[in-house]
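Heads up: the structure comes next, in structure tokens.
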Amino acid sequence: MTDFINPIDQLIHSTVRIICEDGQGKSSSGTGYIFLFCQKDDGMAFPCVVTNRHVVNLARRGLFHLTLKNKDGGPSLGDHEQVVLEDIQHFCIGHPDAAIDLVAIPIGAILNSAAKNGKDYYFVPLGKEAIATEEFLESLSPMEEIVMIGYPNGIWDEKHNLPVIRRGITATHSKLSLNGKPEFLIDAACFPGSSGSPVFLANLGSFLDSKGALCAGTRIALLGTLYAGPQHTTTGNIVVVEVPTDTKPVAVGQIPNNLGLVIQAAELAKLEEAVAQALEDKPVVARNAPCPCGSGNRYKRCCGLIT
């Protein structure tokens, strides 16, 4: 009998915690997930980290961790390395529609460089087969169970390089474009740092079909990418403090409404077009050759800079 593998055990290895630094000592965190674009019949593809445009906006440097494989080909939990992308903006391939908050960051060069140094990273990439099809979306109800995998407020299992799993439901139908935009709402706590998290339909063991009948089985499908959430503000009182002896400015805080806006997974097909245009049929650039971006720097000091 084949042992059952919980799909969540696999999906937690599809994400990366992204730290962005602006060059002035400030840093922010977000979430990305590894997706295979332009998959070929021979198995070739462009592995990329998908995240929100605003996660990497204005960043000078990007950092994330990749887990090494153990001798059995599985994850060597606790054994992970930091990867640094200088001038991360050079690597980002944006969605063709600037209003869609998605970018892809190619990591093929990182993986190839690691392989040359005898290293092999463990991750579970997502691909077209993970995306909920139109037919499948039609079979769903407005309220379905979902899981969101990411790094809320930058929280993670640092020792094992693992993300945080959040559960919730769809708050609007995932097949419908909310207010005419390719997005839908989920009912889940969506905190800063969760931006870029993949959102999955997650029925483990049983689910209700379109007629409300209870069915045995497991269904997992990528529904989209979290990018925002409505919040309300709280305004504090002006008070007098002893040190310093002037009045304290009005404090305005933001409190999540336990709702999140998710970009529909179908938009990944359009992002794939941009990835293909940027990466396919490009000549191999020598490390010491001038960078094709036109910066005047050598490729290894510009778009080919990986540490």
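In this text the structure is predicted, and so the values were computed from the model without any measurement.
Smallest separation of non-hydrogen atoms from Ser195 and Tyr227: OG-O, 4.0 Å. For the residue pair Gly150 and Ser197, the shortest heavy atom distance occurs at CA-OG, 3.5 Å.
Under the 3.5 Å distance criterion, the side-chain polar atoms of Asp209 are matched with a main-chain donor or acceptor of Gly212. Proximity of a side-chain donor or acceptor of Asn6 to a complementary backbone N or O of Ile8 within less than 3.5 Å is detected. The backbone N or O of Pro142 sits less than 3.5 Å from a side-chain atom of Thr170, completing a donor-acceptor pair. In this structure, the side chain of Gln89 does not engage the main chain of Arg60 through any donor-acceptor pair within 3.5 Å. Asn70 contributes a side-chain N or O that, together with a main-chain N or O of Asp72, makes up a donor-acceptor pair within less than 3.5 Å. Using a distance-only test at 3.5 Å, with no hydrogens or angles considered, no donor-acceptor pair links the side chain of Asp187 to the main chain of Gly168. Of the possible polar contacts, one joining the Thr218 side chain to the Gly205 backbone as a donor-acceptor pair under 3.5 Å is found. Asp101 places a side-chain N or O within donor-acceptor distance of the main-chain N or O of Arg53, the cut-off being under 3.5 Å. With Asn52 contributing its side chain and His54 its backbone, the two residues share no donor-acceptor pair below 3.5 Å. The backbone N or O of Cys38 sits less than 3.5 Å from a side-chain atom of Glu272, completing a donor-acceptor pair.
In this structure, CG in Leu261 is found 8.5 Å from OG1 in Thr172, a value given to the nearest 0.5 Å. With rounding to the nearest 0.5 angstrom, the OG1 atom of Thr31 is 8.5 Å from the CG atom of Leu226. The distance from the CG atom of Asn258 to the CD1 atom of Ile186 is 10.0 Å, given to the nearest 0.5 Å. The line from CD of Gln24 to CG of Leu58 is 10.0 Å long, rounded to the nearest 0.5 Å. We find the CG-CD1 distance between Leu66 and Ile34 to be 6.0 Å, quoted to the nearest 0.5 Å.
Within a 6.0 Å sphere centred on CD of Glu134, other residues, nucleotides and ligands contribute 12 heavy atoms or fewer. Summarising the local packing, NZ of Lys128 is surrounded by 12 or fewer heavy atoms from other residues, nucleotides or ligands at distances under 6.0 Å. In Asp9, the CG atom is crowded: over 12 heavy atoms of neighbouring residues, nucleotides or ligands sit closer than 6.0 Å. Counting heavy-atom neighbours within 6.0 Å of Glu158 CD, excluding the residue itself, gives a total of 12 or less. In Asp42, the CG atom is crowded: over 12 heavy atoms of neighbouring residues, nucleotides or ligands sit closer than 6.0 Å.
For the residue pair Asp157 / His160, a side-chain donor-acceptor distance below 3.5 Å is found, with atom types taken as modelled. When only modelled atom types and interatomic distance are considered, Thr67 and His13 share no side-chain donor-acceptor pair under 3.5 Å.
Proximity of Leu176 to Phe184: side-chain heavy atoms (C-beta onward) are nowhere separated by under 4.5 Å. Leu223 is not listed as a side-chain neighbour of Val262, based on a closest heavy-atom distance of 4.5 Å or more.
Evaluation of the salt bridge (Lys or Arg N to Asp or Glu O under 4.0 Å) rule for Asp79 yields no partner, not counting sequence neighbours. Not counting sequence neighbours, the partners of Arg219 by the salt bridge (Lys or Arg N to Asp or Glu O under 4.0 Å) test are Glu144.
Taking the six-membered ring where tryptophan is involved, the planes of Phe35 and Tyr33 are perpendicular, since the angle between them exceeds 60° and thus also 30°. Taking the six-membered ring for Trp and thresholds of 30 and 60 degrees, His80 and His65 have ring planes more than 60 degrees apart, a perpendicular arrangement.
Grouping the Ile, Leu, Val, Met, Phe, Trp and Tyr side chains by contacts below 4.5 angstrom, directly or via other members, places Ile165 with Ile220.
The pair Lys270-Glu267 meets the salt-bridge criterion, with a side-chain N (NZ, NE, NH1 or NH2) lying under 4.0 Å from an Asp/Glu carboxylate O.
The side-chain contact (heavy atoms from CB on, under 4.5 Å) test with Val103 is passed by exactly one of Val50, Ile93, Val56: Val56.
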